[in-house]
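The structure appears right after this line, and notes come after that.
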Amino acid sequence: MSVVTPPANPSLMKSLYALRPSAAILLGVAIMLSFAMGLRQSLGLFVQPAVKDLAITVADFTLAIAVQNLMWGFMQPFAGALAARLGFRPVMVAGAVLYVLGMLVLATATGFVGVLLGAGVLIGVALACCGSGMAMAVASRPVSTAQRSMVLGMVSAVGSLGALVSAPIGQSLAGGFGWRMGLAGFVVIALVMVPCAWLAGRVDKAPLPPSPIKQAGSAREALGLAFGNLPFMVMSTAYFVCGLQLVFLTTHLPSYLDLCGLDPMLGAQALATIGAFNVLGSLFFGWAGGRWSKPMLLGLIYIMRSLVLAWYFGDVPSPASTLVFAGLMGFLWLGVAPLMSGAVAEIFGLRWQAMIQGIAFTSHQLGSSLGAFGGGLLFSAYGNYQLAWQLGVGMGLTAGIIQVLVAMPRHRGPAQPVMP
C-alpha cells in the first residue's frame, strides 16, 4: 500500500512564491549582511595575539573596537539619509569597499594607529553603509506588509551565518600561520561583499509599497517625529544595553576563556555556535513579530539575555557550559534586528526607515563602545571581568523591564456615556 504524502502548507508555499521577484535582492543583501556581521563579530579572536605582537594593551585594541562602534552608530543616520537621496546601491557598494580596505589595514598594522584606523574608523564607516541597519531597510522595501516581518527574520537568519563561517576560518589560519594570515583570510571573505552589495542595490528600482500611515515629507520632519515618539525613544534607550552586552561578549569572550585556561579554539567554536543559533532566533522572532507586539518581544529578549549572562559568568566555565551558553545567547542575539526594523517601519513607514533606525542604532553603538572599551578598562583595573559582567546583567534587566512596561497595552477603563 502506497503512503500518501500530505501536501505542503499552502499559505507558506504561497508566501514563498510571492517572494520570487525580490529573491535576487534578498539573497544579495543577506550574504552582504552575513559577512559584514560575521567578520566583525570574530575580531575578538585576534585580541591576544595582536596585543602581544604589536606591544599594545588589551585596552588599546578594545578602544579601536569602541571607535568602530561609535563610527558605525554616528554615521548610520547619515548613511540612511544618503541612501534616501542617492539610492542604496552606491552607499552599500562604497561600504563594502571600505570594509575590505579596513581589514587590509588591520592585517598590516604595525602599531596602535593601524589597529585604530583599520578595525576602528574604516570598518565602522563601512558597517554604517552595509551593516544591519541598511540591510534591514533594503529587505523591507520589495515585499508586502504582511510578508515583512517574516522576510526580515529570514534575511537576519542568513545574515547570522557569517560568524559560523568566518570564526573557524580565522582561528584556523591564525593558529597555523599567525594572526595576520587570519586577517588576510578575512580580507578575501570581505571581497565577496562587493558584488553582493551591487546585487542588493536592485532595490532602488523597486517602488515603495503603499503605506497605511502618513510618512514624513523631509528628513527634518522625520527626525522630529522620531524624537517626539515615546515608545521609539524607550526602544532606542534599551537598545543601548543591547549593544553593550553583545559587543562585550564578541570582544572579550575569547580572552575570558583564555584566562580560564580553556582551549583557544573554544572561543571560535563559541562564536560559531552563536552564529548558528542566530539562525533559529532570527527566524523565530521574525515569525513572532508578525503575531505579537514587537516592543514587548524586545523587552523579553533583554531580560532573558541578562539571566543567561548571570548564569554563565556566575560559575566556572567548562567547554560544555560555554557551548550551551553560546547557543542560548545566539538564539537571543540577532532576533532584535527584525523586531526593531519592523517596529520602526510600522511606526514611521519605509521612506525614512534607514535614517530613523540609524538614530536608534546610534544609541546601540554607544552601548557597544562601552561594552568593548569599558570591559577592557575594568579588566585592566581589576585583572578579571567580574564587575563588567555584573554591570551588564543589572543594566540588561533594568532595560528589559522598562521596555516591557512601556509596551504593555494600556487599560482605558469603561467608556463614558455621551451627555446630551
Side-chain angles (χ1 to χ4, degrees), residues 73 76-77 132-133 136-137 140 145 148-149 152-153 156 211-216 221-247 281-282 284-310 331-350 352-368 370-371 391-415:
Q76 184 76 72
S132 55
M136 292 294 100
S140 299
T145 302
R148 186 177 302 142
S149 187
L152 291 176
S156 184
S211 175
I213 61 173
K214 182 181 179 181
Q215 302 188 60
E221 183 183 351
L223 290 173
L225 290 173
F227 283 110
N229 188 285
L230 177 61
F232 172 75
M233 295 306 296
V234 170
M235 283 195 301
S236 299
T237 304
Y239 218 21
F240 173 93
V241 182
C242 173
L244 182 148
Q245 291 179 334
L246 298 190
V247 175
S282 298
F284 172 77
F285 286 108
W287 169 83
R291 287 156 177 79
W292 299 295
S293 165
K294 296 177 179 65
M296 178 73 73
L297 290 169
L298 284 169
L300 293 176
I301 285 178
Y302 301 149
I303 292 171
M304 289 187 289
R305 267 191 203 163
S306 301
L307 294 176
V308 172
L309 282 167
F331 185 78
L332 301 169
W333 197 280
L334 274 185
V336 300
L339 296 177
M340 177 63 76
S341 301
V344 169
E346 286 178 358
I347 297 171
F348 302 105
L350 295 177
W352 302 102
Q353 181 187 4
M355 185 185 71
I356 295 175
Q357 280 181 212
I359 297 169
F361 202 68
T362 300
S363 174
H364 182 281
Q365 295 309 92
L366 287 171
S368 298
L370 182 60
L391 289 172
V393 168
M395 295 172 69
L397 289 173
T398 302
I401 291 170
I402 293 174
Q403 175 75 69
V404 167
L405 291 176
V406 172
M408 290 177 65
R410 297 290 183 265
H411 178 64
R412 301 180 181 276

Please output the side-chain donor-acceptor pairs of residues 231-240 that fall under 3.5 Å, not counting sequence neighbours, one pair per line with the distance.
residue: Ser236; atom: OG; partner: Phe232; partner atom: O; Å: 2.9
residue: Thr237; atom: OG1; partner: Met233; partner atom: O; Å: 2.9

- Applying side chain to side chain contact (heavy atoms under 4.5 Å, CB included), name anything that partners Leu309, two or more places apart in sequence or on another chain. Gln245, Leu249, Phe313, Phe325, Met329, Val393

- Query: Any side-chain heavy-atom pair from Thr398 and Val241 closer than 4.5 angstrom?
  - Reply: no

- Does the side chain of Ile401 reach to within under 4.5 Å of the side chain of Tyr302, using non-hydrogen atoms? no

- Message: Just to verify, what does Thr362 make a side-chain hydrogen bond (donor to acceptor under 3.5 Å, both in side chains) with, not counting sequence neighbours?
- Response: none

- Task: For Arg305 and Gly396, indicate whether the former's side chain and the latter's backbone hold a donor-acceptor pair under 3.5 Å.
- Result: no

Any chance you could measure [X], atom [atom1], to [Y], atom [atom2], to the nearest 0.5 Å?
| X | Y | atom1 | atom2 | answer |
| --- | --- | --- | --- | --- |
| Leu244 | Leu370 | CG | CG | 5.0 Å |
| Ile356 | Met340 | CD1 | CE | 12.0 Å |
| Leu339 | Leu298 | CG | CG | 4.5 Å |

- Message: For a quick test of reading the model, state the closest non-hydrogen atom pair linking Ile303 to Leu397 and the distance between them.
- Response: O-CD2, 3.9 Å

- Item | Heavy-atom closest contact (Ala343 atom, Lys294 atom, distance) | N-CD, 3.5 Å

